[in-house]
Amino acid sequence: MARIKAVEITKSLRERIAGPEWQKTRVLPNERALSDHYGVARNTIRRALSTLEQEGILTRHVGRETVINETFVTGVTDLSAIVDRLTEISPFDIMNMRLIIEPHAAATAAQNASEGKLEALRDVHMRTVDERRVVEFEALDAVFHELIFRSARNEFLKELNELLVIARRRKPVIAIRRSGFSEARRLETIAQHEEILKALMARDAEAATEAMKLHLSVRSRNLFGGHGEARHAEAIDAADTVAHADETSDDAEELLDVMERIAGSSPADVMNVRLIVEPKAASVSAANARRSDLVAIRNAHELATSSLETEAFEAWDGEFHKRIFESTRNDFLTALHDIFQAIRLRKNWLDMKRRTLTPERRLVYCDQHSAIYQAIANRDPILAAEEMHQHLLAIQKNLF
């Protein structure tokens, strides 16, 4: 019962911290006051505060006060808030996200897959060749792609695929997928899977990347053509609204389970996924950012540069990256940034960053931010991606 109470109190405190109640002082009432307010023992309050400290929301000073971290002002740490958005992401954004991460997953799988995983992939592929029933074919197709993610041996990447799988099970996504299914496209998929499998078996990362990229590009063209959002709207109109509401509730629970596993991913796995995703986000930002987005990105950079305290710098550093993701106009990418940020605001990440963040490194990061912003503002997608890649490599080197 105490554990259940602590979970409820943690949620309540998180909501109150996010609101205006304590934003002026950024200091929580003491344990006795919170114990009296919630009508529970002080050890239950301590359990709730400890959870929030581990999430990076609070810093507790023994015998003194409990302070709300400044990074929380611009960060997202409530996983349930991210889940709410994931349940509504469009099929078009899902496909674009797959185009970003799956070619990299295939390349990594070519290098890391065990012989057993490759044999399993070959077996699934052969079963796909013989399967003509739509539902069963789709299930085998999903297993083929899932095995590639598992073969990459990156837990964060594997769980990220789980988010995509759950999102793809929504009725509007299924409606679009099945409306484009035909025997010709079934055979096309089989041929493309064959090329991916050949590259994986040959341990050829570059060929695996290109084969997966071609496969997903063809799939995207078949499903959406040049009218992704219009097709999405048609599918939503065709779906059963009541059934979709029930489905969304079930999906939200499963998404939250995956999100909680993601939050426990190793820092090394998270950085490797950031190296895949963030250069692409910078590239898309260079193409899609509006004038107001550019102003927001520049302002975050300038505020990070002028910050005197470490916490303020970290807050605006996070905001700089967030505004780049938001300017992509891809809801899945934006939600993914919030996942990154939720992980980076946890205590183990904050401790690691602060141990390695020196004044000299701050200056380097700010110079790199400036180069990223200039590339985006100059509408240079290739340079924006390269500058972001170099920035993340510097962070990775300093952290590990």
Is [Y] close to [X] at the side-chain level, that is, under 4.5 Å between some pair of heavy atoms?
X: L13; Y: L34; value: yes
X: L336; Y: M97; value: yes
X: R153; Y: Q111; value: no
X: N299; Y: W316; value: no
X: L160; Y: F332; value: yes
X: V165; Y: R169; value: yes
X: L28; Y: L49; value: yes

Are the aromatic rings of [X] and [Y] close, with centres under 6.0 Å apart?
X: H301; Y: Y373; result: no
X: H369; Y: H391; result: yes
X: F181; Y: F137; result: yes

Is there a donor-acceptor contact under 3.5 Å from the side chain of [X] to the main chain of [Y]?
X: S307; Y: L303; answer: yes
X: D93; Y: D331; answer: yes
X: T356; Y: M352; answer: yes
X: R42; Y: E31; answer: no

Salt bridge check, [Y] against [X]: does any charged N sit closer than 4.0 Å to a carboxylate O?
X: R185; Y: E188; value: no
X: E210; Y: K213; value: yes
X: E115; Y: R203; value: yes
X: E102; Y: R219; value: no
X: R186; Y: E131; value: no
X: E65; Y: R60; value: no

* **Parallel, tilted or perpendicular, as decided by the 30° and 60° cut-offs, for the rings of H193 and H215** =>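 Geometry flag for H193 against H215: perpendicular rings.
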* Asked: Between D293 and R329, is a salt bridge (charged side-chain N to carboxylate O under 4.0 Å, His left out) present by the stated rule, with each step listed?
  -> CA-CA 11 Å; D293 295 321; R329 304 282 179 267; 2.6 Å; yes
Do [X] and [Y] have side-chain N/O donor and acceptor atoms under 3.5 Å apart?
X: S285; Y: S327; value: yes
X: N272; Y: Q396; value: yes
X: Y38; Y: T44; value: no

* If you draw a 6.0 Å radius around CD in E206, do more than 12 non-hydrogen atoms from other residues or ligands fall strictly inside? ->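 Result for CD/E206: open.
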* Asked: Take atom CD1 in I382; do more than 12 heavy atoms of anything else shown fall under 6.0 Å from it?
  -> no
* Going through the checks in order, is the salt bridge (charged side-chain N to carboxylate O under 4.0 Å, His left out) test met by K158 and E155? -> CA-CA 5 Å; K158 178 173 73 70; E155 287 300 309; 3.5 Å; yes
* Kindly indicate whether a cation-pi arrangement holds for R362 with F313, taking the cut-offs as under 6.0 Å to the six-membered ring centre and within 45° of the axis. => yes
* To do: Would you please test H337 and H321 for ring pair (Phe, Tyr, Trp, His ring centres under 6.0 Å) and show each step?
  => CA-CA 8 Å; H337 166 269; H321 288 266; 7.5 Å; no
* **hydrophobic_cluster_shared for L357 and I395, side chain cutoff 4.5 Å** => yes
